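Report on the structure given below.
Since the model is a prediction, treat every value here as computed from it, not as a measurement. Quick note: residue numbers are just sequence positions, from 1.
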Amino acid sequence: MIAPMLPISGSSPNGSEWAYEFRWSGLRCLARVSEGAVQLVDGAQQPITAHYPELTVLRAFSRDREMVLDGMIVAVTQQPPSTFPRAVGADVDLPWHVRSAGRSLAYVVFDLLSLNGNDFLSHTYRKRRSVLAGLGLYWPPRVLVPPHFRDGAAEQVQAMARDHRFTGVVAKHLDSPYRPGQRSPEWVETVDGRSPTDEDRPTSDLRQNRTPQAV
C-alpha cells in the first residue's frame, strides 16, 4: 500500500474552503478491505494486521466492494459522551473520547483512497469525505467515521477540541487531492499547547505488549 499523506504544522487557516477534523492520537493505519479479508499497515507501510485481530471486523464492510482506507487506531471508552458537540456542521457520527485507559481499540477512518478499483487519490477531499460518509462504516466500538466541520471558524473547532481533550485540530483544504507520502500545506495541523493529563493521554505505541495473532 501507499504511504499516508501528512500535514504541516502551523496555525489553522480560516475560510469557507477549509474543513476541520479533530486531531486523533494513536497509530496511523491504512486498511485494505476486500472479499472478506483485511490487511492493515502502519505509517511506515509495515504489516500490523496480526497485532489487531479486533479490527478484522472491517471484513463486514467488504460485501460486494473493495476499499483502501486511511485512519488511526486509537484507545477509546465504551460509550460516547452525551455532551459531545453537534455544532459547526458535523455531518457524520460523533467520535468517542480518547483515553489511555480506554477499554477498547477503534479504527477511526478519516479518508478513502480507493473504492472498487477506482482510484480516489486525485479526487478532492470534499469528494472523498462525501463518498466515505455514505459507506456506513460504523461498527461500535471498533470502527467509526468521525465528523469533519465546515462553515465554522478554526478557533471555534479548536475550542471544542480542547473542551473534549483532543490534542489539536487538522485543517484540510476542500479541494485537496490525496498526496501519498507527502507533507502538504493543504493539510495543516495545529497542536494544542497543553500537556495531556494521565487520564486523557493516549498510548504512545498501541503495539506495545500486543502479541501477534493469526487472523
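- Of the listed residues (Arg129, Lys172, Arg128), just one forms a side chain to side chain donor-acceptor pair (under 3.5 Å) with Asp111, and that residue is Arg128.
- Linking Ile, Leu, Val, Met, Phe, Trp and Tyr residues whenever their side-chain heavy atoms come within less than 4.5 Å leaves Val68 and Leu27 in two separate clusters.
- With Arg165 contributing its side chain and Ala161 its backbone, the two residues share no donor-acceptor pair below 3.5 Å.
- Using a distance-only test at 3.5 Å, with no hydrogens or angles considered, no donor-acceptor pair links the side chain of Ser114 to the main chain of Met67.
- Heavy atoms only, all atoms of each residue included: Tyr20 and Ala154 are closest at CE2-CB, 3.6 Å.
- Considering every non-hydrogen atom in both Pro4 and Gly43, the closest pair reads CD-O, 3.5 Å.
- How far CD1 of Ile73 is from CG of Leu40: 6.0 Å, rounded to the nearest 0.5 Å.
- Under a hydrophobic clustering in which Ile, Leu, Val, Met, Phe, Trp and Tyr are joined whenever their side-chain heavy atoms come within less than 4.5 Å, directly or via other members, Leu137 and Leu105 fall into the same cluster.
- Ring planes of Phe22 and Phe166: parallel class, angle under 30° (limits at 30 and 60°).
- Atoms CG and NE2, from Asn118 and His123 in turn, are 7.0 Å apart once rounded to the nearest 0.5 Å.
- Met160 is connected to Val169 through a chain of hydrophobic side-chain contacts under 4.5 Å among Ile, Leu, Val, Met, Phe, Trp and Tyr, so both are in one cluster.
- Under the 4.5 Å side-chain criterion, counting only non-hydrogen atoms from C-beta, Val109 is not in contact with Leu144.
- Contact record, Leu135 with Arg65: O-NH2, 2.8 Å, taken as the closest heavy-atom pair.
- The only member of Leu113, Leu115, Leu132 that meets side-chain contact (heavy atoms from CB on, under 4.5 Å) when paired with Phe120 is Leu115.
- Between Trp18 and His173, the distance from one ring center to the other falls under 6.0 angstrom.
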Could you go step by step and tell me if Val188 and Val170 meet the side chain to side chain contact (heavy atoms under 4.5 Å, CB included) rule? CA-CA 6 Å; Val188 182; Val170 182; over 6 Å; no

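- Ionic pairing of Asp42 and Arg28 is not present here: no N-O contact between side-chain nitrogen and carboxylate oxygen is shorter than 4.0 angstrom.
- Under a hydrophobic-cluster definition in which Ile, Leu, Val, Met, Phe, Trp and Tyr are linked whenever side-chain heavy atoms come within less than 4.5 Å, directly or via other members, Leu112 and Trp139 are assigned to the same cluster.
- No side-chain donor-acceptor contact under 3.5 Å links Tyr178 to the backbone of Tyr125.
- Between the side chains of Ser34 and Ser62, no donor-acceptor pair is found at a separation under 3.5 Å.
- Asp175 places no side-chain N or O within 3.5 Å of a backbone atom of Thr124 that could act as its donor or acceptor partner.
- Minimum interatomic distance between Met72 and Gly26 (heavy atoms only, all atoms of both residues): SD-C, 3.6 Å.
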Tell me, with the steps shown, if Val38 and Val57 meet side chain to side chain contact (heavy atoms under 4.5 Å, CB included). CA-CA 9 Å; Val38 176; Val57 298; over 6 Å; no

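- Annotation: the span from Phe61 atom CZ to Leu69 atom CG amounts to 9.5 Å, rounded to 0.5 Å.
- Side-chain atoms of Thr190 do not come within 3.5 Å of backbone N or O of Gly168 as any donor-acceptor pair.
- Taking 4.5 Å as the limit, every side-chain heavy atom of Asp64 sits out of range of all side-chain heavy atoms of Asn116.
- Annotation: side chain of Phe149 is not in contact with side chain of Glu21 (no heavy-atom distance under 4.5 Å).
- Within the 4.5 Å cutoff, side-chain heavy atoms of Phe110 are placed close to those of Asp70.
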Checking Ser12 against Glu155 for the side chain to side chain contact (heavy atoms under 4.5 Å, CB included) test, could you report, in this order, the C-alpha distance in whole Å, the side-chain angles of both residues, the deciding distance, and whether it holds? CA-CA 8 Å; Ser12 283; Glu155 292 79 7; over 6 Å; no

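- Leu30 has its side chain out of reach of Gln39: every pair of non-hydrogen atoms, C-beta onward, lies at least 4.5 Å apart.
- Between His148 and Arg126 the shortest side-chain heavy-atom distance does not fall below 4.5 Å.
- Side-chain atoms of Val143 and Tyr138, non-hydrogen and from C-beta on, never get closer than 4.5 Å to each other.
- Leu6 and Trp187 fall into different hydrophobic clusters, defined by Ile, Leu, Val, Met, Phe, Trp and Tyr side-chain heavy atoms under 4.5 Å apart, directly or through other members.
- A salt bridge does not link Glu35 to Arg59: none of the charged side-chain nitrogens sits closer than 4.0 Å to a carboxylate oxygen.
- Side chain of Arg142 to backbone of Leu58: no donor-acceptor contact under 3.5 angstrom is found.
- In terms of modelled atom types and a separation under 3.5 Å, the side chain of Arg183 and the main chain of Pro7 share a donor-acceptor contact.
- A donor-acceptor pair is defined here as one N or O able to donate and one able to accept, closer than 3.5 Å; such a pair exists between the side chain of Tyr107 and the backbone of Cys29.
- Side-chain contact of Gln182 with Ser184: a donor-acceptor pair under 3.5 Å is absent, judged by distance alone.
- For Arg23 and Glu189, the salt-bridge test passes: some basic side-chain N is under 4.0 Å from an acidic carboxylate O.
- Contact check for Leu121 versus Pro177: no side-chain heavy atoms found under the 4.5 Å cut-off.
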